[in-house]
Amino acid sequence: MSVAAGAATWLPAGRLLSAPGDKSRDADLRALKLSGAETTIERAAVQDLRASLSGTLLAPGDEGYETARHVWNGMIDKHPALIARCAGTADVVRAVTFARERELLLAVRGGGHSFPGYSTCDGGLVIDLSTMRTVEVRAHDRTVRAGGGAWGSHVDAATQKYALATTLGQISNTGVAGLTLGGGFGWLSRRFGLACDNLISVELVTADGRVRRVSEHDEPDLFWAIRGGGGNFGVATSFEYRLHLFDPTVIAGSVSFPTAQTKDLIEFYATLITHAPRELSVDLGLGGNEDGTPGAHLNVVYSGDAKSAGKVLEPLQRFGNPLQNTIRPKSYLVVQAWFDPPPVDPMHHYLKGGFVSDYSSGLVEALTEFRPDKQTEIYFQNSNGAVADIPQTATAFSHRHTIANMMLLCEWKERSQDEPGRAAARATWNKLTPFTDGYYVNLNDADPKGTDNNYGPNFSRLTELKKRFDAQNLFRLNANIKPA
Ligand SMILES: Cc1cc2nc3c(=O)[nH]c(=O)nc-3n(C[C@H](O)[C@H](O)[C@H](O)COP(=O)(O)OP(=O)(O)OC[C@H]3O[C@@H](n4cnc5c(N)ncnc54)[C@H](O)[C@@H]3O)c2cc1C
C-alpha cells in the first residue's frame, strides 16, 4: 500500500509545459508502476486505449475526471493517472491488459465503498465498473444476474418485484461486487448465509486477460477463492445469485436505551442472538441515540412468518426501560436503505473491526467502559446462524463460527482531524483487540497481525492460487494475498 500513500497530484507530465486549459489528451501521462516506480504513458498509448473502449477513459483535466475520482469515503482523496469507465467485459479485458503489460498500479472499483479506499489509487489505472449495473431476474428459476458495478439497491429493487431476495449488505448503495467477494453480511445472512454463499457463478477477467465463467463446475478453484478472497483474483464483471422466496414486508425498527442500561443490554443481546430463530436479525450499537444522547440501541429485522412475530419479538419488547421503540411492519426495501449515507460522502470515515466468538466477561467490561461520543460508535453486526452451516474450508471465507463482527466506526468532517481521529480510534481499538477472533477482509486496512488473520486456515491455499492466477500481484489493492 505504500505506493498509494501520500498526496501527490498526478498530472500529465507534458501538461505542465503547455498553456493553461490544454487538454490532458495532448500530453504524455506520468503514472506509477506496481513497484512504486514512476513511469510515463505515452500519449499515443492513451489514445489507443481510449479508442478501443466502448466506455470512457478519463485523465486529469478531462471533463468528468474530478467527479469520477471520488469514492464513498470523504477521507480518501486520490488522483489516478487514468480512470477506465468500462461499458462491458471487453473494456475490462482491454484495461486489464493495458495495466498488466505496463505493470501499472491497478485499482478496481465496484460500488466504491471500501473504507480504506482500495478502489482508487494515486498515479495508477482505475477500472471503474460503475456503469455496469444491469440486473436481470429469472424469477422462474429464482436466480438473478447483476453487473459488477451494481449496488445492493439495484438488485433488491429488481428481485423484490417478484417477492424474492438474497443476502446483500445493510446499506443500499454498497457495491455488490466488493461485498460479495469478501463474504457479505446483511439482515438476511442468519437466514440465507452470506452473499458469497448464494453465488452460482461469476464472470471473471483474470490477470492474463481471459474471461472465465467461474462456478462450482467451471474453474472450481477460482470459485472457492473468490468466495471470501476479495478482489485478489480478477475483475468480476457479473454475479449470478440464488434467490429465496421473501415477503416484501418485514417487522423492523430500533429500540434505544440510556447508557445506564448498557451492561444489562449487552448481556441480554448476547443470549438473544445466540438462540434467536434465523429469521430474526438483531445488531447492537453502542453510540448516540436518535435524540443525540449517548446510549445503546438494538436494530431489529424479523423476516419470518408474521403470525410468529409476537412470540419471537416478545423478550425483546419486554426488556429494560427503552427510550424509544420503532419496531413495526416496514417494506424490506425501506429497511435496506435505513442507514444510507450519501454514495459519495463528504464525511471522513475510519473503521476498525474484528470478529468476536463470544461476549466474554472481559469484553462486556471493556464495552461498559467505552464512552461513545458524536463521532464514535461500536457496532455489532450479527454473524451467526446459516453462516455457520458451511464448513470453514469450503469457501475462502473462513470466519464461520463467530457471533458478531465488532466494528469501531468513527467519522469527522475536517481533514485536520484525520490524524488525531485515527490515533484516538486506534487507542480505543487496542483495548478491544484482545477479544477479536480474525478480521473481515471487507472492512479493514492492512492486518497488523498478518494476513492469515483475514483468511484463517485458508490462507496458504489462497497464496498458492494467487501464484497460479496472479503471480505478478496485479490485483493488490485489497486485503492482499501475496503469491506463494
Ligand atoms: C456504509 C457501509 C456499510 C457497509 N455495510 C456492510 C454490510 O452490511 N455487510 C458487509 O458485509 N459489508 C458492509 N460494508 C463493507 C463492504 O462490504 C465493503 O466496503 C465492500 O468492499 C464494498 O464493496 P464495493 O464494491 O462498494 O467496494 P469498492 O470500494 O468498489 O471495492 C472494494 C474492494 O473490492 C474490490 N472490487 C470491487 N469491485 C470489484 C469487482 N467487480 N471485481 C473485483 N474486485 C472488485 C476492489 O478492488 C476493492 O479491493 C459496508 C461498507 C460501508 C462503507
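Quick caveat, the model's predicted, so the values are computed rather than measured. Ligands are counted one by one from 1 in listed order, and the atoms in each one are counted from 1 as well.
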May I have the list of side-chain donor-acceptor pairs in residues 386-395 shorter than 3.5 Å, sequence neighbours left out?
residue: Asp389; atom: OD1; partner: Arg278; partner atom: NH2; Å: 2.9
residue: Asp389; atom: OD2; partner: Arg278; partner atom: NH1; Å: 2.7
residue: Gln392; atom: NE2; partner: Ser398; partner atom: O; Å: 3.3
residue: Thr395; atom: OG1; partner: Phe397; partner atom: N; Å: 3.4
residue: Thr395; atom: OG1; partner: Phe397; partner atom: O; Å: 3.1
residue: Thr395; atom: OG1; partner: Arg400; partner atom: NH2; Å: 2.8

Is there a donor in the side chain of [X] and an acceptor in the side chain of [Y], or the other way round, less than 3.5 Å apart?
X      : Y      : value
Arg85  : Thr131 : no
Glu203 : Thr237 : yes
Thr326 : Ser254 : no

Going by the rule salt bridge (charged side-chain N to carboxylate O under 4.0 Å, His left out), which residues pair with Glu464 if we only count those two or more places apart in sequence or in a different chain?
none
Salt bridge (charged side-chain N to carboxylate O under 4.0 Å, His left out) with Glu419: which residues, sequence neighbours excluded?
Arg422
I'd like the residue list for ligand 1, meaning every protein residue with a non-hydrogen atom under 4.0 Å from the ligand.
Trp72, Val108, Arg109, Gly110, Gly111, Gly112, His113, Ser114, Phe115, Tyr118, Ser119, Leu129, Gly148, Gly169, Gln170, Ile171, Thr174, Gly175, Ala177, Gly178, Leu179, Leu181, Gly184, Phe185, Gly231, Gly234, Val235, Ala236, Gln381, Tyr440, Asn442, Leu443, Leu477, Asn478
